[in-house]
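The next block holds one structure in the form of C-alpha cells; read it before the comments.
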4 protein chains.
Amino acid sequence: MPVISAKRMQDRHDSILGAAREAFAQRGFEGTSIADIARAAGVSDGLVYRYFQNKRDLLNAVLTEFYERTMVDLEAIAAREAPFEVRLHGIIHRHIEAFVLEADACRLFISEVRTAADYQGSAVQQLNRRYTSILVRIIESGIAKGVVRSDIDIRLVRDVIFGAIEHRTWAAVNGRPLDIDATAAGLVQLLRFGLMARPEGEA
Amino acid sequence: MPVISAKRMQDRHDSILGAAREAFAQRGFEGTSIADIARAAGVSDGLVYRYFQNKRDLLNAVLTEFYERTMVDLEAIAAREAPFEVRLHGIIHRHIEAFVLEADACRLFISEVRTAADYQGSAVQQLNRRYTSILVRIIESGIAKGVVRSDIDIRLVRDVIFGAIEHRTWAAVNGRPLDIDATAAGLVQLLRFGLMARPEGEA
Amino acid sequence: MPVISAKRMQDRHDSILGAAREAFAQRGFEGTSIADIARAAGVSDGLVYRYFQNKRDLLNAVLTEFYERTMVDLEAIAAREAPFEVRLHGIIHRHIEAFVLEADACRLFISEVRTAADYQGSAVQQLNRRYTSILVRIIESGIAKGVVRSDIDIRLVRDVIFGAIEHRTWAAVNGRPLDIDATAAGLVQLLRFGLMARPEGEA
Amino acid sequence: MPVISAKRMQDRHDSILGAAREAFAQRGFEGTSIADIARAAGVSDGLVYRYFQNKRDLLNAVLTEFYERTMVDLEAIAAREAPFEVRLHGIIHRHIEAFVLEADACRLFISEVRTAADYQGSAVQQLNRRYTSILVRIIESGIAKGVVRSDIDIRLVRDVIFGAIEHRTWAAVNGRPLDIDATAAGLVQLLRFGLMARPEGEA
DNA sequence: AATGAATGAGCCTTCATTCAT
DNA sequence: AATGAATGAAGGCTCATTCAT
C-alpha cells in the first residue's frame, strides 16, 4: 500500500518527466544534470531515482512519451477513409509538423538515442517501428487499390519520406522556419510522378 | 632542421587521427577520452595536443579527412560525360557506398557534429555543402538538358536523396548488410517516375 | 528537515576551511591542490565544492574569516575612551600581534590576494579598507583634539604604520620571534617625535 | 673552448632574461610558461635550460638584475657628501622612483620571491640586504653626526621607510599615478619631526 | 650548439548515483 | 516517502623538463 496517493505519484512522475523534456531539449542529454532536472521539477535529486532507474531511462521515457503522443494523430489520419494521395499527404504533413513543433525531441532522438549502442531492440526502437509502419500500411493499401505500382520497394519509399523530411527540417531547426504546407505538397508531388520531364506533360 | 623527420611526424599525425576515428566510431565523441586515443595511438596524452588543438579539433579532422577522401570520387563521377540517369545513378551509388563502408564517420557526423551548436558556419559545414552541391549540379544540368522537369524543387530532391540514403543505411550500420546495387537502382527508379501506377506502364 | 544537523554542517565547513588555511599557509595558493585540502579535512574532493564555490572562493573565505576575527579586537580598541597615544599604541600593538600570531594569513593576503588582478573591488579589499580605516579614524580624532598636527597626510601615516609592521614582521614570520611590546613602543615613539635629535631633549 | 662566441652567448643570455622579465611582469610567475619566454626570446625551449637551471632560477636572475641595476644609483646617492636630510630625501626619492618605474619587478619580488620557502639565505635575500643596508648606513652617519637621536632603533626606521613606500606605491601600481616628489617630501617630513603638534610650532 | 618533439604527472571541477537521516 | 549530503571516478588540458636528433 503506497504511503502517498497514486495521483500524487503520477504528478511527481509527470513533473520530473516534463522537467527532463525541457532540459534535454535545451541543453542536450550530456549537458543536462540530474540536479538540473530535480530542481526544475521541484523535487530532490534522490527522488528522481524513485521514479526512473537512471538518467538514460529518463531519456527513454521522454522519447516514449513524445512518440505515443504524436502517434495518436498519425494513426487517426491513417484510419481515415480517403483517396491514397490524400492520406499520403496527410501523414507527410503531420510528420513534418511533428518535426517542426517538437524539433527538440526529434533532435534528441537523432543525436542521442538512435545512435546509442543499446538502441537495437530497445523500447524506443519498437515505437519508432510502429511509427514508420503507419506509413508503410498506407502505401500497401495504395498498392492493393492499384494506385501505386506494385513493384515499388515499400521500405525504400518509407526511408525516402522520413529521410527527406529529417534532412529538410534540420535547417529549419536552426533558424528560419519551414513552410510546412509547401514542403508537404512538394514532396507528395515529387513522389507521385518523379523527376522526369514527360512529353505529354501529365504532371 | 626538424628534430624528427617529416615522415615520422606524418606517421604520428596519422596514427593519432586513426586512433581517434576508431575510438569515436566505437564509443562516440563524449564516450571517448583523450587518454583512450593516446593509448591506442601509442603516444602520450600530451602529444595529442601537439598535433591537434583540442578534442573537438580532432573530431573535425576525422570528418574532414573522410569528406575529402570521399569527395574525390564523387567529383570524378560528376565530371564524367554521361546521360543524366547514368550520372545520377553513379553518384547515388557512390554515396551509399560511402555510407556503408564508412558508416562510423557518417554516424559521427550525424550524431555529434551536425547537431552541435557551432556547426553553423563551421569548416565541416562547408565541406558538407560542397559534398551535397555535387548532386545539385547534376540535377541542374539535367534541367538544362530538358531531361528533368524545370519546376522541380532542387533542394527538395537533394534532401530526398541524402535523407533516404541516411535512413536506409542506418539499419545496415548496425548489423545486416545492405545491397548497395539494389538500393541505388531502386532509388533512381523511384525518383525518375514516382510512385504512381500508369496505364501506359512505361516505367 | 535537513539531512544532517546544522552543527555537523558547520563542523564540515570549519574543517575544510581550517584545512585550507593550513595548506595555503604552508604551500601557498598555487601550491595547494583541492585534493590536499580534502584529504586534510577528511572529506572527499567533491564535498569541498558543496561548501565553497571554487578554490578561489576558499581562499577568500580563509582571509575573510581572519579579517573578521581580528577586526573585532581592533574595533574594541578604537572604541575605548583613552588619550590619543594610548589608543595609537593599542592599535599598533594589536596589529603587530595579529601579524605575528597569524603570519600565515598575512602572508597569504600579501602574496596571493593583494596582488591578484581581481583584488580591486573585491570583498577582501572591502575588509582591508575597513581594517585600515580603524587606524585612520584614530588619527583623525587626534587631529580633532589638537594633539596631532593638522597638516599631516593621514594616508601617508597609515601607510607608514601598516607598511612598517608588515616589513618588520616579515623576518619574524620565518624564524626568530619578534618582540611585540618593544616593536610597538618603538614605532609609537618614532611616530610621535620623529628622528631628529633636539636641543631641548624633550623626547 | 666554446663553440659560439662569448658575445653571442651573452646576447642569448640577455634576450632570454629580458623576455622573462617582460613575461613575468605581465603575467606573473605561474602565468608564464617557458615556451612563452623562449618564443619571445627567439630561441627554443630547450636552450633556455642551457642558460638557466630552471624556471625558478630565471626568476631569481630577473630580480638580481633589477637589484643590481637599481643599487648603482642608490649607492651613488649614499656616497655623496651632503647634509643628512638631503641624503635621506635622496634615497627615499630614488627608492620610490624605482618602485614606480619598475613596479613589475617589485610586484614579482613581493608576491613570488619574498614569500618563497627558499628565500631565506638566497642570493636575492643577500641583495635585498645590501639594498636596505644603504639606508641603514645613512642613518648611522646621521647618528654619528649628532643629527639623529642616538636611541633610535635603526632597523625599525628602515622598516618604516621601506614598508611605507611599499604600501604607498601599491595603489599606484594598479591605476592612478603616484606623485613621487610629494610622497618623498611628506615621508621625510613625517620622519623628521613626527606626528605631534608642538606649541613652539617648530616643524 | 640547438632544436622541439615527447613525456607524464597533476589539477580543478562536474556529476551520476547512493544512502544515512 | 523524501531529502540532499557525500562520494569518487573521470576527463580535458597545461607545462616544466628531458633528450634524441
Side-chain angles (χ1 to χ4, degrees), chain A residues 2-5 8-9 12 30-39 42-58, chain B residues 1-5 8-9 12-13 30-38 42-58, chain C residues 1-5 8-9 12-13 30-39 42-58, chain D residues 2-5 8-9 12 29-39 42-58:
Chain A
V3 174
I4 63 167
S5 70
R8 180 102 187 269
M9 277 195 71
R12 292 266 209 228
E30 304 274 0
T32 300
S33 72
I34 293 290
D36 288 342
I37 295 169
R39 196 179 322 111
V43 301
S44 67
D45 292 19
L47 199 62
V48 173
Y49 286 85
R50 287 226 163 247
Y51 289 89
F52 300 91
Q53 279 172 25
N54 53 35
K55 198 182 167 189
R56 195 90 212 164
D57 183 39
L58 199 38
Chain B
M1 70 206 78
V3 168
I4 64 169
S5 68
R8 179 104 188 267
M9 274 195 74
R12 291 279 209 213
H13 178 96
E30 305 273 2
T32 300
S33 72
I34 292 290
D36 288 341
I37 295 170
V43 301
S44 68
D45 291 22
L47 198 63
V48 173
Y49 288 87
R50 191 165 272 282
Y51 288 91
F52 300 92
Q53 277 173 23
N54 52 35
K55 198 183 168 188
R56 196 87 210 167
D57 184 40
L58 198 38
Chain C
M1 71 207 77
V3 168
I4 63 169
S5 69
R8 179 103 187 267
M9 274 195 74
R12 290 279 209 215
H13 178 96
E30 305 272 2
T32 299
S33 73
I34 292 290
D36 288 341
I37 295 170
R39 197 179 322 110
V43 301
S44 67
D45 290 21
L47 198 64
V48 173
Y49 288 86
R50 191 164 272 281
Y51 288 91
F52 300 92
Q53 278 174 21
N54 52 35
K55 199 182 167 188
R56 195 89 212 165
D57 183 39
L58 198 39
Chain D
V3 174
I4 63 169
S5 69
R8 179 103 185 268
M9 277 194 73
R12 291 266 208 229
F29 181 71
E30 304 274 0
T32 299
S33 71
I34 292 289
D36 287 341
I37 295 170
R39 196 178 323 110
V43 301
S44 67
D45 291 19
L47 199 62
V48 173
Y49 287 84
R50 287 224 163 248
Y51 289 89
F52 300 91
Q53 278 172 26
N54 53 34
K55 197 182 167 189
R56 195 90 213 164
D57 184 38
L58 199 38

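Because the structure is a prediction, the values reported are computed rather than measured. Lettering follows sequence order; numbering is per chain, from 1.
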Protein-nucleotide distance (C:E30, atom CD; F:dA16, atom P), rounded to Å: 12 Å
From the candidates F:dA2, E:dA6, F:dA16, the one with an atom nearest any side-chain atom of D:S33 is F:dA16
Sugar-phosphate only, base, or nothing, as touched by B:Y51 at under 4.0 Å among non-hydrogen atoms: sugar-phosphate
To the nearest Å, how far apart are B:N54 CG and F:dC15 P? 15 Å
Separation of F:dC13 atom P from B:L58 atom CG, nearest Å, is 10 Å
Tell me which nucleotide among F:dG12, F:dT17, F:dA5 gets nearest to the side chain of C:L47. F:dA5
Closest approach of B:Y51 to B:R12 (non-hydrogen atoms, all atoms of both residues): OH-CB, 3.4 Å
Which nucleotide in the set E:dT3, E:dT17, E:dA5 lies at the smallest distance from any side-chain heavy atom of B:R50? E:dA5
If you pin C:R8 and B:T32 to their nearest nucleotides in DNA chain F, which one's is more 5'? C:R8
Which nucleotide in the set E:dA6, F:dA6, F:dA2 lies at the smallest distance from any side-chain heavy atom of B:R12? E:dA6
In this structure, how many angstroms lie between the C1' atom of F:dC13 and the CD1 atom of B:I37, rounded? 13 Å
Closest to the C:S44 side chain, choosing from E:dA6, F:dT7, E:dT17: F:dT7
Scanning both residues in full, the closest heavy-atom pair of B:I4 with B:M9 reads CD1-CG, 3.3 Å
Expressed in angstrom and rounded to an integer, what is the separation of C:I4 atom CD1 from E:dC19 atom P? 18 Å
Answer with base, sugar-phosphate or nothing: what part of the nucleic acid does B:R56 contact at a heavy-atom distance below 4.0 Å? nothing
Intra- and inter-strand pairing of DNA chain F, written as dot-bracket with Watson-Crick and G-U pairs under 3.5 Å and | for the latter, reads .||||||||||||||||||||
Between F:dG8 (P) and C:R39 (CZ): distance, integer Å: 13 Å
Using atom OH of C:Y49 as one end and atom C1' of E:dC12 as the other, report the distance to the nearest whole Å. 4 Å
Select from C:V43 and D:Q53 the residue whose nearest nucleotide in DNA chain F is closer to the 5' end of that strand. C:V43
Candidate nucleotides E:dT13, F:dG12, F:dA5, ranked by approach to the side chain of C:D45 - the nearest: E:dT13
Non-hydrogen atoms of D:I34 and D:D45 that approach each other most closely: CG2-O, 4.3 Å
Nearest-0.5 Å distance, OG of residue A:S33 to CZ of residue A:R39: 6.5 Å
If you count heavy atoms of other groups shown closer than 6.0 angstrom to CD of D:E30, is the number above 12? yes
Residue list, side-chain contact (heavy atoms from CB on, under 4.5 Å) with D:F52, at least two apart or on another chain: D:H13, D:I16, D:L17, D:D57, D:L58, D:A61
Report the distance from atom CE of B:M9 to atom C1' of F:dA20, rounded to the nearest whole Å. 15 Å
Heavy-atom nearest pair, A:G31 first then A:D36, reads O-OD2, 4.1 Å
Would you classify B:I34 as touching base, sugar-phosphate or nothing, given that sugar-phosphate means primed atoms plus P, OP1 and OP2, and contacts are heavy atoms under 4.0 Å? sugar-phosphate
By nearest atom, which of the nucleotides F:dC13, E:dT13, E:dG4 is closest to the B:K55 side chain? F:dC13
